[in-house]
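Let me begin by presenting the structure, written as structure tokens, before commenting on it.
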There are 2 protein chains.
Amino acid sequence: MSESTEEPGPSEPSLDEQIAAYQREFRDLDPQVEQVVSALGRLNRRMNVAYGRQVAALGISNAEWEVLKTLVLSGSPYRLGPGELAKRLGLTPAAMTHRIDRMAGEGLVTRDRDENNRVRVIVELTDEGRTKWLEAMRMASDFEEDLLQDLSGDERGVLGELLVRLLRRVEHAQPDAGGRLTDLD
Amino acid sequence: MSESTEEPGPSEPSLDEQIAAYQREFRDLDPQVEQVVSALGRLNRRMNVAYGRQVAALGISNAEWEVLKTLVLSGSPYRLGPGELAKRLGLTPAAMTHRIDRMAGEGLVTRDRDENNRVRVIVELTDEGRTKWLEAMRMASDFEEDLLQDLSGDERGVLGELLVRLLRRVEHAQPDAGGRLTDLD
DNA sequence: CCTTCTAAGTTTAGTGCTAAAGTCTTCGAG
DNA sequence: CTCGAAGACTTTAGCACTAAACTTAGAAGG
């Protein structure tokens, strides 16, 4: 994934300054909507930087961690084809080929032809890969717990529920030619 | 930015399935925390894909749009140095040099030496760049309004406030060697 | 069988990024 | 002055990604 290790600079405007600046330049802006959207964007950027630092301490990249997570999520015996992995990670098959090359070289996964259908390739997590995943997962869940530390149990529930509702809206709707969201169902 | 245009595949597990799978593999996992974090991550991915499609319709990339936004946010006369832009966008100066090359070639910005200090370079938004920004901004704010359409005014306020609290936690704290968050102030 | 089609991966060419080395102005100390 | 050091980009080398062309195994039809 190779994200820049640098934080956004100290001269970056605060969230409130940013919203105020947008309102000066663009009248038709709902500050409440902008607050939600801008906070979401910034939060995610910071979190990705933080995850990147953590897994780097284990000697793997954020990109490799994504692959480990996907394989573990698929459940035992932790096998998926390159095409399926690519789809789930939002990559092209070509990128997947190279990523698997590297990870196989590092011993995190194996790559073998399917005996029953020799066009297919099977990528399988090694024990070492599974161990790396577990170590990364421990660090990540500590980090996430700390991140939410200031929120009460109720607040966490409310936040989760609201986010899930937004997610449903994006997952079940796609912008049409004009860019508006329209239901697909 | 050149993000993959593909959505994560249809075979990707649902959020609930994903959380259940993690719990099977990793006992020490707070499902409430995981729901918040996973929803945040997915939401952001989908939103970036959507933004990318929208600005592509205007003939610019997500990366170029980020630069336009940063210049507009700096306020009239919409000028910043490459180094400052790089810091705010979380890029290396080298990447900024190339991005400015492209955008200057497309007429979105100009690049000139500062007369008072000939080491410095000034990147300034052109009228065409400002127009592109405005067009993109209109599409983005329509999209964002649609995204939040299912939430009441109160719910939007609560969501914004909770996200801002999380953001404060990441912005004012950085993971130490072990990866825990510790206050910097 | 033998041809054609399709699906799954891989390879190639080109883009955009990072890290590190290089260039050119300006500033400060002798 | 002038030499050295610092600051602000730019350049170079190398990596990871996308798009598109290519390869090969299995499926479908005559």
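Bear in mind that the values here come from a model prediction, so they are computed numbers and not experimental data. Chain naming here is simple, since letters A, B, ... match the order of the sequence lines and numbering starts at 1 in each.
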### Message
Return whichever of H98(B) or G81(B) has its heavy-atom-nearest nucleotide of DNA chain D closer to the 5' end.
### Response
G81(B)

### Query
Shortest non-hydrogen contact from E144(B) to E34(A)?
OE1-OE1, 3.4 Å

### Message
Quick check: do L134(A) and R138(A) have side-chain heavy atoms less than 4.5 Å from each other?
### Response
yes

### Query
If only side-chain N and O atoms of R118(B) are considered, is one of them under 4.0 Å from the OP1 or OP2 phosphate oxygen of dT25(C)?
no

## Note on the structure
Quick note, T92(B) side chain, CB onward, closest among dA20(D), dT18(C), dG9(C) is dT18(C)

### Query
Can you check whether L148(B)'s main-chain N or O pairs, donor with acceptor, with R156(B)'s side chain at less than 3.5 Å?
yes

### Query
At under 4.0 Å between heavy atoms, what does R111(A) touch on the DNA or RNA strands: base, sugar-phosphate, or nothing?
sugar-phosphate

### Task
Can you figure out which of dG9(C), dA20(C), dC9(D) approaches the side chain of V121(B) most closely?
dC9(D)

### Query
Is E171(B) reaching over with its side chain to a backbone N or O of R168(B), donor-acceptor style, under 3.5 angstrom?
no

### Query
Within the structure, does a side-chain N or O atom of R102(B) lie under 4.0 Å from either OP1 or OP2 of dC17(C)?
yes

### Query
Would one find a side-chain N or O of R99(B) under 4.0 angstrom from OP1 or OP2 of dG16(C)?
no

### Summary
When every non-hydrogen atom of L89(A) is compared with those of V67(A), the smallest separation belongs to CD1-CG2, 3.7 Å

### Task
Take the protein atom CD1 of I100(B) and the nucleotide atom P of dG16(C), then report the distance between them rounded to whole Å.
14 Å

#### Entry: Whole-Å gap separating P (dA6(D)) and CZ (R120(B))
17 Å

### Message
Regarding P93(B), tell me which of base, sugar-phosphate or nothing describes its non-hydrogen contacts under 4.0 Å with the strands shown.
### Response
base

### Query
Closer to the 5' end of DNA chain C via nearest nucleotide, is it A95(A) or V119(B)?
A95(A)

### Query
Rounded to whole angstrom units, what separation is found between the CG atom of N62(B) and the C1' atom of dT15(C)?
16 Å

### Rounded distance in Å - CG (N116(B)) to P (dC27(C))
11 Å

### Query
Within this structure, what is the NZ-to-P distance between K87(A) and dA7(C), rounded to whole angstrom?
12 Å

### Task
Could you work out which one of dT10(C), dT18(D), dC17(C) sits closest to the side chain of L91(A)?
dT18(D)

### Query
How long is the line joining CD1 of I122(B) and C1' of dA8(D), in whole Å?
13 Å

### Query
In whole angstroms, how far is the C1' atom of dA8(C) from the CZ atom of R113(A)?
9 Å

### Message
Without decimals, in angstroms, what is the distance between D101(B) CG and dT10(D) C1'?
### Response
9 Å

